[in-house]
Amino acid sequence: LAVEKLARPGSQNGKSVAINLYDCNHTFVRRFDWIGGCAMYLKQLGITHAKVSSIRNNILLAIKKQKAYLGHYYTIA
């Protein structure tokens, strides 16, 4: 059962966490059900051309250090 839950994509994954996205002025922009959705959103906006996996890792690092990444701030919802 555990393997089945972890093999699910995106927000269906049992370990996924919701992410809040804020702009540089700490104004709420959008909520994402999983960190990959936030990473894909930033890539679609053209803010970065990095791989989604790299963006995800940098968002997690920004959350831990409470610093901006790509001109945005992030929190776990």
Side-chain angles (χ1 to χ4, degrees):
L1 182 63
V3 172
E4 179 183 319
K5 291 196 179 270
L6 293 176
R8 295 180 182 178
S11 62
Q12 295 176 346
N13 185 323
K15 292 183 75 176
S16 68
V17 293
I19 300 291
N20 290 328
L21 174 67
Y22 300 88
D23 66 9
C24 61
N25 297 319
H26 296 279
T27 305
F28 178 78
V29 175
R30 190 168 171 186
R31 182 182 187 276
F32 298 91
D33 290 333
W34 62 298
I35 196 165
C38 182
M40 287 190 289
Y41 175 77
L42 293 172
K43 191 166 181 169
Q44 287 173 351
L45 288 179
I47 294 174
T48 182
H49 298 290
K51 294 179 184 177
V52 172
S53 60
S54 296
I55 301 168
R56 269 197 320 255
N57 289 336
N58 287 324
I59 289 172
L60 285 172
L61 190 61
I63 290 170
K64 288 179 184 177
K65 293 189 174 194
Q66 297 181 350
K67 298 206 173 194
Y69 171 64
L70 299 175
H72 292 82
Y73 291 91
Y74 313 85
T75 60
I76 295 176

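If you read the sequence from its start, that first residue is 1, and numbering goes on from there.
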Can you list everything that forms a side-chain contact (heavy atoms from CB on, under 4.5 Å) with [X]? Sequence neighbours excluded, please.
X: Asn57; result: none
X: Leu61; result: Lys65
X: Leu60; result: Ile35

Return the [atom1] to [atom2] distance between [X] and [Y], rounded to the nearest 0.5 Å.
X: Ile55; Y: Tyr41; atom1: CD1; atom2: OH; result: 13.5 Å
X: Leu42; Y: Thr48; atom1: CG; atom2: OG1; result: 8.0 Å
X: Lys51; Y: Lys43; atom1: NZ; atom2: NZ; result: 9.0 Å
X: Ser54; Y: Ile59; atom1: OG; atom2: CD1; result: 11.0 Å
X: Trp34; Y: Arg56; atom1: CH2; atom2: CZ; result: 7.0 Å

List the atom of [X], the atom of [Y], and the distance in Å for their closest heavy-atom pair.
X: Ala18; Y: Arg31; answer: CB-NH2, 3.1 Å
X: Val52; Y: Gly36; answer: CG1-O, 4.4 Å
X: Tyr74; Y: Ala62; answer: CD1-CB, 4.1 Å

Please identify each residue that fulfils side-chain hydrogen bond (donor to acceptor under 3.5 Å, both in side chains) with Tyr69, with sequence neighbours left out. Asn58
Partners meeting side-chain hydrogen bond (donor to acceptor under 3.5 Å, both in side chains) with Arg30 (sequence neighbours left out): none
If you group Ile, Leu, Val, Met, Phe, Trp and Tyr by side-chain heavy-atom gaps below 4.5 Å, do [X] and [Y] land in one group?
X: Tyr73; Y: Leu21; answer: no
X: Ile76; Y: Leu70; answer: yes
X: Val17; Y: Val29; answer: yes

Applied to residues 19-29, the side chain to side chain donor-acceptor pair (under 3.5 Å) test, sequence neighbours excluded, yields none
